[in-house]
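Data first, discussion second: the structure below is written as structure tokens.
Nothing here was measured: the structure is a model prediction, and the numbers come from that model. Below, chains carry the letters A, B, ... as their sequence lines are ordered, and counting in each starts from 1.
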There are 2 protein chains.
Amino acid sequence: MDKPTTKDLAKAAGVSLATVDRVLNRRGGVRQATVERVTAAIRALNYVRDISAANLARSTEYKLVFLLPDHDDEFTNMIHIALDEANVSMVHERTTVSITRVSANDPHRIAQEIDGLSADKVDGVAIMAPETAQVRDAILRLDARGIAVVAFVSNQPNAQSAYFVGINNEAAGRTAGQLLARFIGERQGTVLAVTETMQSRDSLERRLGFDAIMAKYVPRLRVHPSMETYADAARTAKIIAVALHNNPEIVGIYLMNHDVSETMQAIEAQGIPQKYVIIGHELTQHTRARLITGTMDAVITQDVGHLVRSSIRVLKARITRIGTVASQERIRIEIILRENLPEDTKTSYL
Amino acid sequence: MDKPTTKDLAKAAGVSLATVDRVLNRRGGVRQATVERVTAAIRALNYVRDISAANLARSTEYKLVFLLPDHDDEFTNMIHIALDEANVSMVHERTTVSITRVSANDPHRIAQEIDGLSADKVDGVAIMAPETAQVRDAILRLDARGIAVVAFVSNQPNAQSAYFVGINNEAAGRTAGQLLARFIGERQGTVLAVTETMQSRDSLERRLGFDAIMAKYVPRLRVHPSMETYADAARTAKIIAVALHNNPEIVGIYLMNHDVSETMQAIEAQGIPQKYVIIGHELTQHTRARLITGTMDAVITQDVGHLVRSSIRVLKARITRIGTVASQERIRIEIILRENLPEDTKTSYL
DNA sequence: GAATAATTGAGGTACGTACATCATTTTGCG
DNA sequence: CGCAAAATGATGTACGTACCTCAATTATTC
């Protein structure tokens with residue numbers, strides 16, 4: 001049996017095509033009893049609207065907005081590039097994504113930006129921002145206005161309407177911990193944990209997971225309190241130099257935030273970085289180069305292209321009220337060593 | 001500027017819609033000069049046919065066939081299940097995939113099966129089979145008949161027409177080697193490498209990569225010659241028992257093939273499997289359970305859902321002569337530890 | 001029970017492409 | 001030049017859905 005069409009629905013429900021259309025597109029003016037007849041037919045025939053045909057008829061564009069932090073780190077830039085690429089390859093799926101970058105440190109500006117999105121100009125929004133009360137409320141207002149929302153990379157656990165596309169950072173921290181512990185092996189010593197700021201939920205969660213594993217498997221390896229660089233190169237250089245100098249027993253370093261380059265430079269400036277087991281996050285040109293030279297031992301990462309494509313799929317699914325396969329949207333916590341480094345291809349098409 | 005349509009093409013090329021159609025669908029009967037005018041317009045306007053509309057008009061179905069080995073291992077079964085799932089979620093993209101399982105050890109049967117596929121019943125084929133001359137030739141004949149081909153999981157390097165969807169097994173072997181070496185750390189001893197049969201190209205390549213890494217980084221850890229189980233439980237139990245008994249210095253075990261369960265059972269039957277660092281391939285319920293208990297230390301895997309979806313995308317792209325993003329089709333060599341084990345969800349929809 | 005409101009039906013046009021038919025124009029060839 | 005063959009144009013229908021208008025039917029209300 002072929003896929004049922006609206007005609008089949010009409011016949012099955014014993015109503016006209018017009019009424020089926022009214023029900024499907026919620027145009028109103030249909031008696032409740034009739035609505036039920038139609039929805040019953042939908043279930044009975046297992047009808048799913050043909051999105052291609054629907055889009056064609058509507059000649060609609062899905063307008064998506066990605067709200068990214070104003071930060072100039074490599075990871076965020078990779079997301080930006082992946083979005084630009086997606087924009088190109090999505091033209092033929094009637095989807096356009098635009099990018100707005102807002103200072104991550106100013107919740108009011110972010111909320112303001114979100115509130116400025118109106119349902120007639122935007123169909124869906126992906127938000128990458130630290131969780132704050134202002135942002136959470138703005139997301140709830142978005143939802144009320146009927147705009148689809150996705151929490152992107154950073155979870156917004158208190159804004160239930162926002163589906164989260166990203167990794168479990170606590171598990172990511174545990175993964176880093178397990179790998180670091182096993183790479184250090186039998187050696188004695190202490191471990192350094194560095195991040196930009198512990199204000200960020202991501203870093204907090206990673207540290208939590210990291211500590212849990214270290215305490216469980218290698219309690220002999222004490223982990224120093226988290227060091228914060230505040231994304232300030234001078235400060236980073238100084239505190240790293242002091243820490244490494246004062247603690248010659250350090251054997252491992254865990255870089256918790258998105259951007260390793262300043263911290264790694266500070267470590268390298270102290271000479272022989274190979275004597276530490278170093279694990280960081282996000283596969284960028286910086287971490288890639290250091291995996292190859294052996295300066296870094298492993299990178300925990302999430303696939304930027306996957307993040308972007310998955311967000312787009314989820315947003316479109318929510319807009320059209322049609323499902324996606326859950327397993328396809330689960331972002332994996334990837335472990336990258338020198339040996340399984342993916343090729344560094346520029347965008348290309350098959 | 002909106003997406004150009006065939007009308008725009010006709011206007012730009014100064015021909016009628018009918019001629020544009022003849023060129024686009026290679027119906028013939030168009031002078032070379034005119035063809036060039038149209039293709040020039042296509043490039044100038046950057047025209048790409050609207051596949052949704054085209055599919056709608058054609059009311060066509062993409063009929064894909066997956067040729068899988070007749071083997072009853074967990075990995076192949078997972079592929080089978082993933083294909084069934086894809087079949088469901090693809091109905092609305094006018095794609096149906098059917099699965100044929102053929103004995104992997106009989107190249108003639110496989111070639112025969114391939115030759116039996118006619119262009120009016122099938123649009124694309126994904127082939128998972130060991131590389132042999134018969135299969136290679138059958139693939140070339142498929143291509144000549146105008147059926148799209150993809151080499152699935154197992155590469156067919158000598159059938160150029162078949163795009164390969166799968167991982168680089170040599171790199172996978174290197175990854176396993178690196179991980180095993182680092183997990184073993186400073187310890188002395190030897191390493192066991194086990195597989196079903198070294199006849200398979202996959203195992204050969206993995207062993208190659210594995211040896212390269214071991215020789216380079218931990219030459220003190222001698223690797224025994226590859227042991228072959230021939231997928232025979234009794235034989236497996238026996239040779240594993242003998243090997244472990246005769247070589248008490250063994251510290252690491254690398255399981256190279258798709259199915260670990262028999263070999264792992266044999267190892268576990270000898271008691272204290274935790275004393276070995278054990279790395280295997282493919283995340284299945286067997287490896288998952290052993291990662292959780294700690295019996296296995298790491299699993300190198302490829303995402304089955306990704307393999308399936310990617311093959312389908314590539315096949316459809318070849319059929320419609322439209323591009324896919326290369327980076328999306330690159331199958332990653334994933335490293336799974338207990339900590340980054342993805343949740344074991346049943347198929348669900350968002 | 002009549003007037004009014006609410007609901008339903010019938011039918012058309014549109015989206016971008018595929019495909020078919022028939023008419024018309026252009027080209028090549030003797 | 002004239003004619004057949006080849007090339008091109010013109011036009012219509014179809015795919016499945018959206019959206020519109022107007023007419024016809026049914027409910028509701030006093």
Side-chain angles (χ1 to χ4, degrees), chain A residues 1-39 41-42 45-62 91-95 123 316 319-322, chain B residues 1-39 41-42 45-62 91-95 123 316 319-322:
Chain A
M1 61 181 250
D2 283 341
K3 275 156 292 175
T5 70
T6 42
K7 272 184 196 162
D8 302 322
L9 271 189
K11 207 184 300 166
V15 298
S16 73
L17 257 173
T19 300
V20 168
D21 177 63
R22 288 182 183 109
V23 173
L24 279 177
N25 298 299
R26 297 161 206 246
R27 295 191 208 287
V30 180
R31 224 176 316 157
Q32 188 53 32
T34 317
V35 172
E36 274 153 24
R37 287 235 305 285
V38 174
T39 52
I42 290 175
L45 299 186
N46 195 20
Y47 169 84
V48 182
R49 118 177 40 197
D50 183 325
I51 324 164
S52 309
N55 287 344
L56 182 60
R58 265 204 200 98
S59 67
T60 190
E61 285 266 306
Y62 297 99
V91 185
H92 312 300
E93 300 181 35
R94 298 162 192 282
T95 307
D123 303 302
K316 287 178 71 176
I319 295 167
T320 59
R321 300 155 198 264
I322 285 195
Chain B
M1 57 175 236
D2 282 344
K3 274 155 291 173
T5 70
T6 41
K7 273 185 196 161
D8 302 321
L9 271 189
K11 208 185 301 170
V15 299
S16 72
L17 257 173
T19 301
V20 169
D21 176 64
R22 289 191 256 262
V23 174
L24 279 177
N25 297 301
R26 297 160 206 248
R27 294 190 209 287
V30 181
R31 224 174 317 155
Q32 188 54 30
T34 315
V35 172
E36 273 152 24
R37 286 236 304 286
V38 174
T39 52
I42 290 176
L45 299 186
N46 195 20
Y47 170 85
V48 182
R49 122 176 39 199
D50 182 326
I51 324 162
S52 308
N55 286 345
L56 183 59
R58 269 205 196 97
S59 67
T60 189
E61 285 266 308
Y62 296 100
V91 183
H92 311 301
E93 301 181 35
R94 297 162 193 283
T95 307
D123 303 302
K316 287 178 70 176
I319 294 167
T320 59
R321 299 155 201 264
I322 285 195

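- The only option from B/D123, B/T320, B/N55 that meets the side chain to side chain donor-acceptor pair (under 3.5 Å) definition with B/Y62 turns out to be B/N55.
- Side-chain N/O atoms of A/T19 include none lying less than 4.0 angstrom from OP1 or OP2 on C/dT8.
- Every residue two or more places apart in sequence or in another chain that forms a side chain to side chain donor-acceptor pair (under 3.5 Å) with A/T95 is listed here: A/K316.
- Using a 4.0 Å cut-off on heavy atoms, the residues of residues 24-33 of chain B that approach DNA chain C are B/N25, B/R27, B/R31, listed by number.
- The separation between B/R22 atom CZ and C/dC22 atom P is 14 Å, rounded to whole Å.
- Nearer the 5' end of DNA chain D, as judged by each residue's closest nucleotide, is the contact made by B/L17, out of B/L17 and A/D50.
- In this structure, B/L9 and B/L45 have side chains that are in contact, with non-hydrogen atoms separated by less than 4.5 Å.
- The shortest side-chain heavy-atom distance between A/I42 and A/L24 falls under the 4.5 Å cut-off.
- Nucleotides of DNA chain D that come within less than 4.0 Å of any heavy atom of chain B span, from the 5' end to the 3' end, D/dA7 to D/dG16.
- In terms of position along DNA chain C, the nucleotide closest to A/V15 lies nearer the 5' end than the nucleotide closest to the other residue of the pair B/Y47 and A/V15.
- The closest side-chain heavy-atom distance from A/N25 to A/R49 is below 4.5 Å.
- With sequence neighbours excluded, the residues forming a side chain to side chain donor-acceptor pair (under 3.5 Å) with B/R94 are A/D50, listed by chain and number.
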Pair A/T6-A/D21, side chain to side chain contact (heavy atoms under 4.5 Å, CB included): steps then yes or no: CA-CA 8 Å; A/T6 42; A/D21 177 63; over 6 Å; no
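- Interatomic distance, CG of B/D8 versus CG of B/L17, reported as 9.5 Å (0.5 Å rounding).
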Dot-bracket line, read 5' to 3' along DNA chain D, where crossing pairs take [ ] and | marks a partner on another strand, Watson-Crick or G-U under 3.5 Å: ||||||||||||||||||||||||||||||
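- For B/I319 and C/dA18, the CD1 to P distance is 15 Å, given to the nearest whole Å.
- In this structure a side-chain-to-backbone donor-acceptor pair under 3.5 Å is present from A/R37 to A/A13.
- Place A/T6 and B/S16 on DNA chain D by their nearest nucleotides, and B/S16 ends up nearer the 5' end.
- Residues of residues 52-62 of chain B that place a heavy atom closer than 4.0 Å to DNA chain D, in numerical order, are B/L56, B/A57.
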